[in-house]
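The structure under discussion appears below in the form of structure tokens.
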There are 2 protein chains.
Amino acid sequence: MLSNACKYAIRSILYLAINSSEDNKIGVKIIAEELETPQPFLAKLLQQLTRDKLVSSTKGPNGGFYLNEKNLNNAVWDVIISIDGTDKFDNCFLGLAKCDDRNPCPVHFIVSPFKEKILGSFRDKTIEEYVVEIQNTNRVISLKDLDLFEDEGS
Amino acid sequence: MLSNACKYAIRSILYLAINSSEDNKIGVKIIAEELETPQPFLAKLLQQLTRDKLVSSTKGPNGGFYLNEKNLNNAVWDVIISIDGTDKFDNCFLGLAKCDDRNPCPVHFIVSPFKEKILGSFRDKTIEEYVVEIQNTNRVISLKDLDLFEDEGS
DNA sequence: ACCATTAAAGATATTAATATCTTTTACTAT
DNA sequence: ATAGTAAAAGATATTAATATCTTTAATGGT
């Protein structure tokens with residue numbers, strides 16, 4: 001559904017939303033380590049996101065990437081468009097050239113509600129709202145979020 | 001989620017289930033045309049499915065591919081395993097190395113029920129049962145199934 | 001002014017997926 | 001037997017995705 005590139009990009013932007021600010025910029029190296037992604041590849045993606053004004057950056061010492069207020073008000077969907085384009089979501093799960101409610105593939109009515117749901121989430125929530133949800137419900141996006149205790153019980 | 005190869009393979013096997021029989025074998029050429037897939041590529045896939053005993057075939061005149069009773073009792077899931085392997089379904093939607101109920105990515109609880117549902121459908125229903133459902137509910141898998149009337153109303 | 005740091009940009013490399021081509025083998029009908 | 005047909009097998013080609021490398025530009029601290 002999403003390319004690796006796009007997955008990296010989404011997690012990066014959420015990571016920056018949570019951990020960076022105008023006076024706490026974060027370099028690619030850190031982000032790549034924290035998200036376990038290939039560093040130079042991620043650099044390219046962040047470049048792309050920066051060109052599209054989805055993240056902010058400055059060069060030089062204390063430089064790095066961060067999100068400003070405007071960036072925080074974009075949607076995850078904007079990231080997807082920037083990196084993958086819109087196509088991947090439109091395509092039929094079984095590869096039919098034409099698949100819709102009228103001409104549904106055998107799994108159309110399983111896939112379709114899911115797509116609507118996740119697409120809705122990506123499109124209607126801002127990055128900022130995502131962050132609130134992530135924090136309120138202990139969602140994981142990077143290594144440091146991991147709950148490593150396998151067993152809890154007595 | 002599924003590779004093109006796997007999508008072709010699934011539609012092929014459903015197509016054969018519906019249209020072929022021991023004494024009505026179908027050649028790659030026809031199948032490829034009907035499903036709008038690249039012919040030699042599909043040939044490779046059918047070869048693979050044949051090796052794994054998911055479809056049957058004979059060479060020579062009146063030869064071609066078909067499904068026997070045994071083949072009809074496999075699941076779509078077997079096709080997926082044969083072509084893509086199991087991994088694609090296990091992976092996190094946002095690319096987290098570890099993503100489960102305890103360490104969920106931000107969309108885990110949207111994706112997870114969908115995966116269970118579709119995986120269940122692929123695993124628990126036989127090809128034969130799929131065919132019954134396809135026919136009872138007018139599902140589309142090939143060109144000839146298409147309902148081309150765009151508008152119905154008066 | 002100079003140096004170290006870090007992103008930007010452009011070029012290149014690698015890999016995996018997709019697709020095609022060629023030769024061989026099996027089978028059928030005549 | 002022979003010719004024609006169709007899949008099997010193996011080799012090759014193309015493309016897109018992923019990943020890396022190198023050079024350049026901007027910035028900040030000394």
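Within every chain, numbering begins at 1; the chains are lettered A, B, ... in the order of the sequence lines, protein sequences first and strands thereafter.
The CG atom of Asp23(A) sits 17 Å away from the P atom of dT27(D) (whole-angstrom rounding). As rounded to whole Å, 12 Å separates atom C1' of dT5(C) from atom NZ of Lys29(A). Glu22(A) places its CD atom 14 Å from the C1' atom of dT27(D), with the value rounded to the nearest Å. Atom CG in Leu45(B) sits roughly 16 Å away from atom C1' in dG10(D) (whole-Å rounding). The nearest whole Å value for the distance from the CG atom in Leu42(A) to the P atom in dT18(D) is 13 Å. Atom CD in Gln39(B) sits roughly 12 Å away from atom C1' in dA19(C) (whole-Å rounding). Per the geometry, CG belonging to Asn4(A) stands 18 Å off P belonging to dA16(D), to the nearest Å. We find that NZ of Lys25(A) is positioned 17 Å from P of dT5(C), with the value rounded to whole Å.
In summary, the side chains of Ser82(A) and Asp52(A) do present a donor paired with an acceptor at a separation below 3.5 Å, with no hydrogens or angles considered.
In this structure, the nucleotide among dA8(C), dT20(C), dA11(C) sitting nearest to the side chain of Lys44(A) is dA11(C).
The ring-ring contact (aromatic ring centres under 6.0 Å, His included) pairs that include a residue from residues 38-85 of chain B are Tyr8(B)-Phe41(B), Trp77(B)-Phe89(B), where partners are two or more places apart or lie in different chains.
Residue contacts shown for Ile83(A) are absent, as no nucleic acid heavy atom lies under 4.0 Å away. Across all strands shown, Ala43(A) has no heavy atoms under 4.0 Å from either base or sugar-phosphate atoms. Among the heavy atoms of the strands lying under 4.0 Å from Pro40(A) is at least one base atom, whether or not backbone atoms are also near.
For Tyr8(B) and dT18(C), the shortest distance from a side-chain N or O to OP1 or OP2 is not below 4.0 Å.
Here Asp90(A) does not pair with Lys88(A) in a salt bridge; the nearest charged N to carboxylate O distance is not below 4.0 Å.
Atom-to-atom distance recorded for Ile127(B):CD1 and Ile134(B):CD1 is 8.5 Å, nearest 0.5 angstrom. Atoms SG and NZ, on Cys105(B) and Lys7(A) in that order, are 9.5 Å from each other to the nearest 0.5 Å.
With a 4.5 Å cut-off on side-chain heavy atoms, Glu33(B) and Lys29(B) count as touching. Looking only at side-chain heavy atoms (C-beta outward), Ile83(B) and Leu45(B) come within less than 4.5 Å of each other.
DNA chain D is contacted by Gln47(B), Thr50(B), Arg51(B), Ser57(B), Thr58(B), Lys59(B), Gly60(B), Pro61(B) of residues 46-62 of chain B, taking any non-hydrogen atom closer than 4.0 Å.
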